[in-house]
Number of protein chains: 2
Amino acid sequence: MVSSMGLARISRVTPAQIRKDLSYFGRFGKQGRGYNVGQLLEELWRILGLNRRWRIALVGVGKVGRAILEYGGFDSQGFQVVQAFDVDHQIVGQKLASVTIRHASELEQRLREDPVDIGIVAVPAVEAQAVVDALVRCGVKAILNYAPLCPRRPAHVELRQIDPVLALQSMTFHLKALEQPAKRR
Amino acid sequence: MVSSMGLARISRVTPAQIRKDLSYFGRFGKQGRGYNVGQLLEELWRILGLNRRWRIALVGVGKVGRAILEYGGFDSQGFQVVQAFDVDHQIVGQKLASVTIRHASELEQRLREDPVDIGIVAVPAVEAQAVVDALVRCGVKAILNYAPLCPRRPAHVELRQIDPVLALQSMTFHLKALEQPAKRR
DNA sequence: GGGTGTGAATGAGTTCACAGCT
DNA sequence: AGCTGTGAACTCATTCACACCC
């Protein structure tokens with residue numbers, strides 16, 4: 001068993017926040033006792049949709065795309081790359097991590113025959129919007145985008161960005177502040 | 001010239017938000033005219049601390065670390081990797097992108113001799129906390145972390161996470177919601 | 001007229017605090 | 001006694017709306 005206070009210490013949020021958030025989805029605790037760890041974990045997995053496997057299509061098998069295909073960490077967490085596309089004829093036809101790379105021109109046809117839940121975009125910035133549009137047309141509901149721009153998409157399509165340069169740029173403001181003499185806590 | 005309305009359309013926020021945010025740092029606009037694009041850009045660069053170069057130390061030169069070293073996108077944005085460390089004797093001594101890889105045991109000494117502003121952590125999860133602690137001891141003020149955990153650090157040290165699996169996991173909740181019949185807008 | 005900068009109004013999200021269950 | 005779940009209070013952020021300037 002664990003109390004909201006216990007969870008709060010671990011996750012560095014307030015106990016009230018823990019209780020409020022959990023109460024949004026149900027009543028998982030017992031007064032006077034706290035939460036059953038195993039039961040809570042299972043409920044959270046279910047709520048977050050992590051108790052099943054998700055099918056992914058990768059577009060762009062350059063440096064980043066190849067790293068994604070060869071990285072074992074997705075599969076073990078229930079995320080399975082089942083299709084991969086690129087425009088480079090040199091690599092089309094190659095098989096990486098049990099996925100055969102197809103030419104991007106086949107993308108829409110193949111995704112209609114064999115739909116996926118999530119698209120990963122690892123193409124140059126100039127191509128990214130067109131790829132996102134194509135994925136959306138094929139019914140993809142979530143996109144993980146490595147291209148350094150924020151593509152337009154319908155409101156119901158979830159988007160997450162992976163952009164290390166932007167992450168660095170978002171820190172320099174605070175670094176600059178530290179250099180000034182009047183440093184506050 | 002561009003108005004807050006124009007900026008709002010491009011960036012998909014409200015005009016009021018644009019004006020409020022900019023007013024926090026100064027008065028960059030002219031009534032009836034809007035903002036001078038060039039001048040505004042320069043002010044924002046300065047405010048964000050992007051008008052100078054930042055020195056970076058990379059820890060962990062595995063797959064991810066190597067990709068970072070070989071990626072040209074950092075340098076062109078003013079982020080220069082000037083030191084790199086790993087524990088693997090096979091790669092210590094190698095020179096990648098004009099940076100010689102040093103053994104991790106030399107990290108603290110070398111960072112004190114030749115300080116950096118930012119640390120990039122690309123080591124396995126179990127090592128990450130120790131690396132972050134070492135970087136903090138050397139006066140690093142910002143950390144970009146690729147390890148899949150949230151390391152503890154002093155409040156004044158900025159931290160950004162790059163975690164594709166977490167990004168995927170944070171989308172599945174919404175995907176699951178879409179599957180249910182009662183779909184709202 | 002057109003558009004900024006800003007106090008006031010509104011809204012979203014967090015914290016408080018306590019009734020009630022174990 | 002101990003701790004959850006939750007309405008009420010509060011805090012912080014966003015939006016409104018308008019005086020003022022170009």
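In the text below, chain A, chain B and the rest are named by the order of the sequence lines, each starting its count at 1.
In this structure, the ring of A/Phe25 has its center less than 6.0 angstrom from the ring center of B/Phe173.
Taken residue by residue, residues 18-28 of chain B places heavy atoms nearer than 4.0 Å to DNA chain C at B/Arg19, B/Lys20, B/Ser23, B/Arg27, B/Phe28.
Counting non-hydrogen atoms of neighbouring residues, nucleotides and ligands closer than 6.0 angstrom, the CD atom of B/Glu108 exceeds 12 such neighbours.
OP1 or OP2 of C/dT4 has at least one side-chain nitrogen or oxygen of B/Ser4 nearer than 4.0 Å. The side chain of A/Gln31 places no N or O atom within less than 4.0 Å of a non-bridging phosphate oxygen (OP1 or OP2) of D/dG2.
A/Tyr35 places its OH atom 14 Å from the C1' atom of C/dT22, with the value rounded to the nearest Å. In this structure, B/Arg33 atom CZ and D/dC20 atom P are separated by 22 Å, rounded to whole Å. Here the P atom of nucleotide D/dC3 and the CE atom of A/Met5 are 9 Å apart, to the nearest Å. As a whole-Å value, the separation of A/Lys30 NZ from C/dT22 C1' is 10 Å.
Ranked by how close their nearest DNA chain C nucleotide is to the 5' end, A/Gly32 and A/Gln17 are led by A/Gln17. Place A/Val2 and B/Thr14 on DNA chain D by their nearest nucleotides, and A/Val2 ends up nearer the 5' end.
Residue B/Leu111 shares its hydrophobic cluster (ILVMFWY side chains chained together at separations under 4.5 Å) with B/Val59, B/Val82, B/Phe85, B/Leu107, B/Val116, B/Val121, B/Val123, B/Val131, B/Val132, B/Leu135, B/Val136, B/Val140, B/Ile143, B/Val157, B/Leu159.
Of all heavy-atom pairs spanning A/Lys176 and B/Gly49, the tightest one is CD-CA, 3.7 Å.
For B/Ala16, whose side chain is taken as the heavy atoms from C-beta onward, the closest listed nucleotide among C/dG5, D/dC16, D/dG5 is D/dC16.
Rounded to the nearest 0.5 angstrom, A/Ile118 CD1 and B/Thr172 OG1 are separated by 7.0 Å.
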Using a 3.5 Å cut-off and no angle test, enumerate the donor-acceptor pairs between side-chain atoms of residues 63-70 of chain B and protein atoms at least two apart in sequence or in another chain.
| unit_1 | atom_1 | unit_2 | atom_2 | d |
| --- | --- | --- | --- | --- |
| B/Arg66 | NH2 | B/Val61 | O | 3.3 |

